> 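Shown below is the structure under consideration.
This one's a predicted model, so the numbers in the text were calculated from it and none came from an experiment.
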Amino acid sequence: MNEHNQQTFEINDVPSSGGNKKLTLALVFAVAALLVAAALLLLTQFGIFTLIKGPAETEVIQSAEQGSFVKRDVYAILGLYAEEASGDKVHTEYALVPIGSKLVTVAFSSRYVDSAKAILASTYDAINGVSSGLDSYVVVQGTVGILPEDVQAHMYEWFDLNKAQLVEMGLIAETDDAATYLTDTALFVDNVGSYNQTLVIVLSSIAAVFALFALALFVLMAVGFFKSKAPQAPANATNDSDDAASGTVCDDAAPEASADDSAAPEASDEESESVDVAQESEKDIPEENE
C-alpha cells in the first residue's frame, strides 16, 4: 500500500511541460505585440497624440514653429503654381495665400483641391469687382514645414511671371527681390509631422490592436490561464490501491479469527472432563448406599 501511494505521489509531482510551453509562447507573443505597437507609433512620430491634442490656431503661418500642428482659415488665394498628381488624380495643390505681408504656400491635400480652385476664382472676382467680397473660404489644419527645393523653384518662377500683374492690381509693390514677399515656409494640409493624417490614423489603429492583444495575453497570464495542471491519477490505479488496502486488512484479521477457532477446542476438552467427573460421581453414590 505504501509503495503504491508513493508511486502515485511521484506521478503527480512531475511538472507539465505543455503548460510551461504555452506560458512561454504567450509571453513571447505579448512582448512581440508590444514591440510592433511601439514601432508603429514611433514610425508616425506619435502623431496620433498630436491629433488627439488638436491643432493650435495661428494667424501668421510663417512665424509658427517648424513641425507645429496648426489650423488656419483660408479666404484668398493669389495663385496655384504647382501640383503633384498620379495620372489624372491631383493629390497635392500648392497655392500662394496672402498672410500679413507675405505670400505663404499652403499645400492643399486632394480633398481640398476643388475648394482651393473655388477660393482662387472668388479672390479674383472680388479683385476685379465682379463680386462684393470673398465668398469662399476653407478651414484647414496641418504641419508647418519647409518647401522642397524643386517646389520652391516653381514658386519663384510663378512669381517672376506674375509679378507685374500683381503690382498693377496693387496687391504688391515693385521689387527686385522676390524674397520680400515669398517664404520657404509652408503649411502642409492634412499632414501630421512627415506623414499624411489618414496614414497616421491607420497605423495608430493597427498599433492599438497589437497593444490590446498584448494586454489581453498579460491578463490571461495573470489569472493563471496558461499555468500547467498536474495530471490526475488513473481511476484503475485508485481502485487497485483500495483493493490493496482491503486485502491487507483482511489478512490482518484472519489470524485473530484462527486464534478464536483454536480456543474453541480447548473449551470443549474442559467440558468433556467435567462430564466425566460427573459420571464418576454418580457411580460412586450407589456404592455408598449399599
Side-chain angles (χ1 to χ4, degrees), residues 58-131 133-197 199:
T58 182
E59 294 296 330
V60 185
I61 295 175
Q62 62 270 28
S63 300
E65 183 180 354
Q66 297 294 319
S68 58
F69 189 61
V70 300
K71 178 172 66 174
R72 180 69 164 81
D73 298 343
V74 177
Y75 292 92
I77 294 177
L78 295 183
L80 304 174
Y81 65 85
E83 65 183 23
E84 296 177 359
S86 299
D88 296 334
K89 176 68 172 178
V90 177
H91 53 80
T92 305
E93 189 79 64
Y94 293 91
L96 282 175
V97 177
I99 298 177
S101 60
K102 293 284 188 179
L103 299 179
V104 181
T105 295
V106 175
F108 288 97
S109 60
S110 58
R111 63 173 177 150
Y112 290 112
V113 170
D114 292 339
S115 297
K117 293 178 179 180
I119 293 172
L120 175 65
S122 174
T123 300
Y124 280 96
D125 285 346
I127 291 173
N128 296 323
V130 176
S131 63
L134 300 173
D135 298 329
S136 300
Y137 79 97
V138 66
V139 181
V140 294
Q141 65 182 28
T143 300
V144 177
I146 301 297
L147 285 171
E149 291 184 0
D150 58 335
V151 178
Q152 290 186 41
H154 288 297
M155 178 180 65
Y156 281 98
E157 181 181 358
W158 181 92
F159 184 81
D160 290 339
L161 291 174
N162 295 276
K163 180 175 65 173
Q165 182 181 0
L166 296 176
V167 171
E168 183 180 350
M169 290 179 176
L171 299 176
I172 63 172
E174 182 65 42
T175 180
D176 294 330
D177 185 8
T180 303
Y181 292 102
L182 300 180
T183 175
D184 58 1
T185 299
L187 175 62
F188 295 90
V189 177
D190 287 343
N191 271 24
V192 182
S194 303
Y195 293 92
N196 180 271
Q197 178 174 306
L199 181 61

> Is the shortest side-chain heavy-atom distance between Tyr181 and Leu166 below 4.5 Å?
no
> Side chains of Ser131 and Asp125 only: does a donor on one sit below 3.5 Å from an acceptor on the other?
no
> Let me confirm one number: the CG-CG distance from Leu78 to Asn162, rounded to the nearest 0.5 Å.
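So the CG of Leu78 and the CG of Asn162 are separated by 9.5 Å.
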> Report yes if the side chains of Lys102 and Ile61 come closer than 4.5 Å at any heavy-atom pair, otherwise no.
no
> Would you say the side chain of Trp158 lies within less than 4.5 Å of the side chain of Leu96, judging by non-hydrogen atoms?
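The answer is yes, as the side chains (C-beta and beyond) meet within the 4.5 Å cut-off.
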> Is there a side-chain contact between Gln141 and Phe69 in this structure, where contact means two heavy atoms from C-beta onward sitting under 4.5 Å apart?
yes
> Applying side chain to side chain contact (heavy atoms under 4.5 Å, CB included) between Ser122 and each of Asp135, Ile77, Val130, Ile127, report the one that passes.
Asp135
> I'd like to know if the side chain of Ser110 and the backbone of Val90 have a donor-acceptor N/O pair within less than 3.5 Å.
no
> Answer with yes or no whether the side chains of Glu157 and Tyr81 bring together a donor and an acceptor at under 3.5 Å.
no
> I'd like to check Ile99 versus Glu59 (side-chain heavy atoms, cut-off strictly below 4.5 Å). Are they in contact?
no
> Give the ring-plane orientation class for Tyr94 versus Phe188, where under 30° counts as parallel, over 60° as perpendicular and anything between as tilted.
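Tyr94 and Phe188: perpendicular rings.
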> Please check this pair: side chain of Ser109 against backbone of Asp190, looking for a donor-acceptor N/O pair closer than 3.5 Å.
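Answer holds: no.
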> Would you confirm whether Ser115, through its side chain, and Val138, through its main-chain N or O, come within 3.5 Å as a donor-acceptor pair?
no
